[in-house]
There are 2 protein chains.
Amino acid sequence: MSQNPPPRRRDSQATRAALLKAAGELFAERGYDRTTVRDIAARAGANQALLFRYFGTKEDLFNAVVAHRGMDLLHSGPVEQLPRRILEIFLAEPPEGGDHPIQAMLRSAVLGAESMALRKEMGRAYVRSLSELTEGPEAELRAELVLAWLVGIGFCRSVLGSDVLRAADADRVEAEVQRGISALLDLDAPVTPS
Amino acid sequence: MSQNPPPRRRDSQATRAALLKAAGELFAERGYDRTTVRDIAARAGANQALLFRYFGTKEDLFNAVVAHRGMDLLHSGPVEQLPRRILEIFLAEPPEGGDHPIQAMLRSAVLGAESMALRKEMGRAYVRSLSELTEGPEAELRAELVLAWLVGIGFCRSVLGSDVLRAADADRVEAEVQRGISALLDLDAPVTPS
DNA sequence: TTGGAAAGTAAGCGACTGCTTACATCTCTT
DNA sequence: AAGAGATGTAAGCAGTCGCTTACTTTCCAA
């Protein structure tokens, strides 16, 4: 493919990536409003003027973060395991998976129309996938409820700081959630007996 | 009791209440960071200096809002109907129930230790009540998961702006959620047949 | 070697933030 | 009626914010 060019002392692609990474981490840690462009540039080891040259606006940068890695999780495995994969991100101790754009979205109430549209689109994609796990006219609503559950667990755990969820073993949580999800999705199937 | 004093042209209690109400509405609409003390004072029809005289700090005012009406919902009826009552707040079209402090908390990622403690305490109170609905060693975890579900629904609906949840009939949502909750809480009981 | 574009930097602008201060006005008690 | 405390007001301080500008340094092709 492309031959490796010698590493440059000045590499716009590298600093762009560094800014993107730092922004993702900080947005996930503090949320949009409490993250400063100066902080982002500092963590990236770059000048803040470059942030605006490469991304235009703080909100554009936020959207870039979300769009960049937001869909990875969705396509990183079979749909049946999607709830489990989402849970793993939310229950992991930061910063292992704590800088995921989903976490950034939980902490950010960005008002801009563009950001809202991006978030809605992502939500729809997840719901569309999850709705494959059930049938019937309520399939979409049920998929939305599953997503809402996972989101709520992440929110209570990492934003509200629930001690119960923080102390609980991830496997136990997942077992309980799986029980509820199964009951919600399987119309006639019996609840999995213990 | 106390005889009605004639209405004063200057009434500190009234303006205090007006500030509290305006703050509750705005925090619920925009979240903590995007709400300005000037906005609060303007909506309350008061001078912003009074806000600091009566409440000390913007964050203290936030805590006052949460503490003032935060526990009403919990004690407004029997525990069995608590999930339904929470859902009604989250699914109501604002501003009917849209200015509830719970909604304000969903939109606010306040970092102060005092606010965090207040939120945790409220969460624990709700979990303690909800855990009466089930038994066994996992009771607390299950109660937390129920609360997380309701919170997640509210978050997806009013912060992320989910179209599915916005368009769905509240009764349908509640029926589905109730099914999942029952399965989660009742260990051996069968799922309520249709 | 050199010229011009790309990459990086320093400094600051204007607006807005939470909060304070110094002051005017009202209300009630004596 | 008068003094004092409660209530309301106008103005501004100091700091931070997102973003821009004018500039220097590096890189690479010709």
Side-chain angles (χ1 to χ4, degrees), chain A residues 2-20 22-23 26-27 29-65 104 107-115, chain B residues 2-23 26-27 29-65 104 108-115:
Chain A
S2 66
Q3 47 181 340
N4 281 3
R8 314 187 203 175
R9 318 207 332 195
R10 289 187 161 191
D11 189 339
S12 66
Q13 297 241 47
T15 61
R16 231 192 96 104
L19 284 167
L20 211 57
L26 285 167
F27 284 143
E29 289 172 18
R30 313 180 191 170
Y32 181 84
D33 286 321
R34 305 218 157 188
T35 299
T36 300
V37 293
R38 287 170 171 83
D39 292 338
I40 297 173
R43 181 173 295 198
N47 190 288
Q48 57 158 326
L50 296 176
L51 187 154
F52 294 97
R53 180 177 300 172
Y54 293 143
F55 298 97
T57 285
K58 183 191 178 188
E59 187 165 342
D60 288 342
L61 173 57
F62 181 83
N63 293 339
V65 166
R107 281 193 169 73
S108 307
V110 185
L111 299 176
E114 207 171 341
S115 303
Chain B
S2 67
Q3 48 180 338
N4 281 2
R8 313 185 203 175
R9 318 210 332 201
R10 286 188 164 190
D11 189 339
S12 67
Q13 296 242 48
T15 61
R16 229 192 97 105
L19 284 168
L20 211 57
K21 185 187 173 207
L26 285 168
F27 284 144
E29 290 172 16
R30 314 180 191 171
Y32 181 84
D33 285 321
R34 306 219 157 187
T35 298
T36 300
V37 294
R38 287 170 171 83
D39 292 337
I40 297 173
R43 181 173 294 197
N47 190 290
Q48 58 158 326
L50 297 176
L51 188 155
F52 293 97
R53 172 144 47 211
Y54 293 143
F55 297 96
T57 285
K58 182 191 176 188
E59 186 165 344
D60 288 342
L61 173 57
F62 181 82
N63 293 340
V65 166
S108 307
V110 186
L111 298 176
E114 208 171 340
S115 303

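In the text below, chain A, chain B and the rest are named by the order of the sequence lines, each starting its count at 1. Quick caveat, the model's predicted, so the values are computed rather than measured.
When all heavy atoms of A:Ala64 and A:Leu20 are compared, the pair lying nearest together is CB-CD1, 4.0 Å.
Counting any heavy atom pair closer than 4.0 Å across all strands shown, B:Phe55 reaches no nucleic acid atom.
Of the inter-residue distances, the one linking B:Ile40 atom CD1 with B:Leu50 atom CG reads 13.0 Å to the nearest 0.5 angstrom. Distance check, rounded to the nearest 0.5 Å: CZ of A:Arg10 to OG1 of A:Thr15 gives 10.5 Å.
A sub-4.0 Å separation between OP1 or OP2 of C:dC19 and a side-chain N or O of B:Tyr54 is absent. A:Ser12 has no side-chain polar atom (N or O) that falls below the 4.0 Å cut-off from OP1 or OP2 of C:dA6. Phosphate contact (OP1/OP2 of D:dG8, side-chain N/O of B:Thr15, threshold under 4.0 Å): present.
The CG atom of B:Leu51 sits 16 Å away from the P atom of C:dT21 (whole-angstrom rounding). We find that CZ of B:Phe52 is positioned 18 Å from P of D:dG12, with the value rounded to whole Å. Rounded to whole angstrom, the span from the CZ atom of A:Arg53 across to the P atom of D:dT20 amounts to 12 Å. Rounded to whole Å, atom P of C:dT17 lies 13 Å from atom OH of B:Tyr32. Between the CG atom of A:Asn47 and the C1' atom of C:dA10 there is a distance of 8 Å, rounded to whole Å. The separation between A:Lys58 atom NZ and D:dT16 atom C1' is 12 Å, rounded to whole Å. At whole-Å resolution of the value, CZ in B:Arg9 and P in D:dG8 are 12 Å apart. The distance between atom CZ of B:Arg16 and atom P of D:dG8, rounded to the nearest whole Å, is 12 Å.
Toward the 5' end of DNA chain D, the nearer of the two residues B:Gln13 and A:Arg38, judged by each one's closest nucleotide, is B:Gln13. Toward the 5' end of DNA chain D, the nearer of the two residues B:Gln48 and A:Ala49, judged by each one's closest nucleotide, is B:Gln48.
Residues B:Phe62 and B:Glu114 have side chains not in contact (no heavy-atom distance under 4.5 Å, counting atoms from C-beta outward).
Cation-pi geometry between B:Lys58 and B:Tyr32 is satisfied (NZ or CZ under 6.0 Å from the ring centre, within 45° of the ring normal).
The side chain of A:Arg10 lies closest to C:dA7 when the candidates are C:dA7, C:dC19, D:dC19.
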